[in-house]
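To start, the structure under review is shown below, and the notes come after it.
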Amino acid sequence: MQHSPVGGPHHDQALAAAIRALGRPDFPAAFACLARQLLAFDNLILIVYHGEQRPAVLYREFTDPVVYLPMDSEYLGSAYLLDPFYHEHLRGGVEGVRRLVDVAPDHFSRTQYFKTYYEQTTLLDEIAVFAGLGEGMTITACFGRDRSSGVPYSEEDIHAMTACEQMLTALIARHWHDYQPVVASRPSGSPLSERLRDELELKHQIRLSPRQAEVALFILRGHSSVSIGLHLDVSPQTVKVFRRQLYARCGISTQAELFAMMMPIFSRLTAGD
């Protein structure tokens, strides 16, 4: 696909249409049209994250419907807790363009999340535009490449998006500046690792230390022992000790078993039970 140069007539027309659509229901489609002047994508989903609450989908379009089949049941149910883009949101104040491969943990493609959820979508590459709305809210416009095109983004694609990231971010933030989330559950003030420990002890009679719970979450998200050690300021060998202790406490021996045990718990926690 030949893209219009930034500032060219087609780009200017698409930008003007997006500006005119601000505050109207047709804005997401106009925004998608503008983005197509910068790069070819197979699918687009606009998601709003609100703290650790379940995210909400604002808009989606796709070439192959398979890409979003697991979205409503699996991703919005609990799998978002392991999503690298969700963790970018949790950092707070993140705006502009991010590519999934650049923000994902070093062993992301080895995770059970990747194997059981991400590969179902047939996604090959993703670029997201982040826009903060205040009150702990972030909107991401996530542009994906899947089996429809069968190719990841090029460096030219990345450059085209980053060159216009302020414009794209500003449009999203302006259109949804007064967005009010539907809070389905009472927000919890305690970190996910603490709530996970409480749930394991209450429902499964498994007692984890704070460090073991933290390591469990890092493992599920795709961090290697080296990466976990850097985050927790301990050695990789110490991380391996925590991992062995964690698996022994849970009566498991693989990451797949850890994933199978934790995902139903995450679903209960995000539902506010």
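- Pairing each heavy atom of E61 with each of Y68, the nearest pair is O-CE1, 3.7 Å.
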Is there a side-chain contact (heavy atoms from CB on, under 4.5 Å) between F62 and I45? Walk through the geometry before answering.
CA-CA 8 Å; F62 48 82; I45 190 163; over 6 Å; no
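- Distance check: L100 CG to I127 CD1 gives 10.5 Å after rounding to the nearest 0.5 Å.
- Within the 4.5 Å cutoff, no side-chain heavy atoms of Y59 are placed close to those of F27.
- Using a 4.5 Å heavy-atom threshold, the side chains of C250 and L246 count as touching.
- To the nearest 0.5 angstrom, L171 atom CG is 6.5 Å from L15 atom CG.
- Note that OH of Y86 and OH of Y80 are 5.5 Å apart. Values are rounded to the nearest 0.5 Å.
- Both L34 and I19 are members of a single hydrophobic cluster when ILVMFWY side chains are connected at heavy-atom separations under 4.5 Å.
- Using a cutoff of 4.0 Å between basic side-chain nitrogens and carboxylate oxygens, D83 and R221 are not scored as salt-bridged.
- A chain of hydrophobic side-chain contacts below 4.5 Å, direct or via other Ile, Leu, Val, Met, Phe, Trp or Tyr residues, connects V57 to L123.
- In this structure, V239 is not a member of the same hydrophobic cluster as L230, with clusters built from ILVMFWY side-chain heavy atoms closer than 4.5 Å.
- Nearest heavy-atom pair across D125 and P152 is OD2-CB, 3.5 Å.
- No side-chain heavy atom of Y75 sits less than 4.5 Å from a side-chain heavy atom of L82.
- Shown here are the side chain to side chain contact (heavy atoms under 4.5 Å, CB included) partners of R98, two or more places apart in sequence or in another chain: F85, E88, V94, V103, F130.
- Remark: side-chain polar atoms of T121 are not paired, donor with acceptor, to backbone N or O of Y117 under 3.5 angstrom.
- Contact check on R195 versus E52 returns a salt bridge, with a Lys/Arg side-chain nitrogen under 4.0 Å from an Asp/Glu carboxylate oxygen.
- Checking side-chain atoms of R145 against main-chain N and O of V151 turns up a donor-acceptor pair under 3.5 Å.
- One finds the CG atom of D198 at 11.0 Å from the NZ atom of K203 (value rounded to the nearest 0.5 Å).
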Walk me through whether L220 and F266 qualify under side-chain contact (heavy atoms from CB on, under 4.5 Å).
CA-CA 12 Å; L220 292 171; F266 289 157; 3.9 Å; yes
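- Sorted by first and then second residue, the ring-ring contact (aromatic ring centres under 6.0 Å, His included) pairs involving residues 132-156 (not counting sequence neighbours) are F41-F143.
- The shortest distance between side-chain heavy atoms of H11 and L38 falls below 4.5 Å.
- A distance-only check finds no donor-acceptor pair linking the side chain of E74 to the backbone of A79 [under 3.5 Å].
- Every side-chain hydrogen bond (donor to acceptor under 3.5 Å, both in side chains) that D26 has, sequence neighbours left out, goes to R24.
- A search for ring pair (Phe, Tyr, Trp, His ring centres under 6.0 Å) contacts involving H223 returns F218, H231, not counting sequence neighbours.
- Residues passing the side chain to side chain contact (heavy atoms under 4.5 Å, CB included) test with E201, sequence neighbours excluded: R207.
- With contacts defined as side-chain heavy-atom distances shorter than 4.5 Å, the pair P191/E194 qualifies.
- For E199 and R268, the salt-bridge test passes: some basic side-chain N is under 4.0 Å from an acidic carboxylate O.
- The 12-atom threshold is exceeded at NE2 of H204, counting heavy atoms of other residues, nucleotides or ligands nearer than 6.0 Å.
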One pair to check against side-chain contact (heavy atoms from CB on, under 4.5 Å): H107 and S227. What are the steps and the verdict?
CA-CA 9 Å; H107 283 184; S227 178; over 6 Å; no
Just distance, no hydrogens or angles: give the donor-acceptor pairs under 3.5 Å from side chains in residues 134-142, sequence neighbours left out.
residue : atom : partner : partner atom : Å
T138    : OG1  : H89     : ND1          : 2.8

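- For the pair E214 and R211, the salt-bridge criterion is met [side-chain N within less than 4.0 Å of a carboxylate O].
- In this structure, NE2 on H175 lies 9.0 Å from CG on D178, to the nearest 0.5 angstrom.
- A salt bridge between E119 and K115 is absent, with no side-chain N of the basic residue lying under 4.0 Å from a carboxylate O of the acidic one.
- The two residues M263 and S78 have their closest heavy-atom pair at CE-OG, 3.4 Å.
- The side chain to side chain contact (heavy atoms under 4.5 Å, CB included) test applied to S148 returns D42, T63, D64, D146, not counting sequence neighbours.
- Put simply, V215 and V241 are part of two different groups of oily side chains (I, L, V, M, F, W, Y) that touch within less than 4.5 Å, one to the next.
- By the 4.5 Å heavy-atom criterion applied to side chains, P181 and Q53 are not counted as neighbours.
- A donor-acceptor pair under 3.5 Å is formed between the side chain of Q255 and the backbone N or O of Q112.
- The side-chain heavy atoms of Y247 and T254, taken from C-beta on, include no pair separated by under 4.5 Å.
- Looking at residues two or more places apart in sequence or on another chain, you find a ring pair (Phe, Tyr, Trp, His ring centres under 6.0 Å) between F108 and Y113, F114, Y118.
- Remark: R244 pairs with no residue by the side-chain hydrogen bond (donor to acceptor under 3.5 Å, both in side chains) rule, at least two apart or across chains.
- Scanning both residues, P28 and P25, for their nearest heavy atoms gives CD-O, 3.3 Å.
- Follow the hydrophobic side-chain contacts under 4.5 Å out from V226 and you never reach V234; the two are in separate clusters.
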What verdict does the side-chain contact (heavy atoms from CB on, under 4.5 Å) test give for R60 and L44, after you've listed the backbone C-alpha separation in whole Å, the side-chain angles of each residue and the deciding distance to 0.1 Å?
CA-CA 6 Å; R60 67 182 104 190; L44 163 63; over 6 Å; no
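- Note that CG of L200 is 4.5 Å distant from CG of L196, once rounded to the nearest 0.5 Å.
- Under the side-chain hydrogen bond (donor to acceptor under 3.5 Å, both in side chains) criterion, E165 pairs with no residue at all, not counting sequence neighbours.
- Listed here is the closest heavy atom pair of V67 and P70: O-CD, 4.0 Å.
- For D233, the CG atom counts as loosely surrounded, since its 6.0 Å shell holds 12 or fewer non-hydrogen atoms of other residues, nucleotides or ligands.
- Contact annotation: the side chain of P105 approaches that of P84 to within less than 4.5 Å [non-hydrogen atoms, C-beta and beyond].
- In this structure, L69 shares a hydrophobic cluster with V66, the cluster being traced through Ile, Leu, Val, Met, Phe, Trp and Tyr side chains under 4.5 angstrom apart.
- Every residue meeting the side-chain hydrogen bond (donor to acceptor under 3.5 Å, both in side chains) condition with S253, not counting sequence neighbours, appears here in chain and number order: E257.
- Under a cut-off of 6.0 angstrom, the local environment of CD in Q166 is sparse, with at most 12 non-hydrogen atoms contributed by other residues, nucleotides or ligands.
- Nearest heavy-atom pair across G132 and A173 is O-CB, 4.4 Å.
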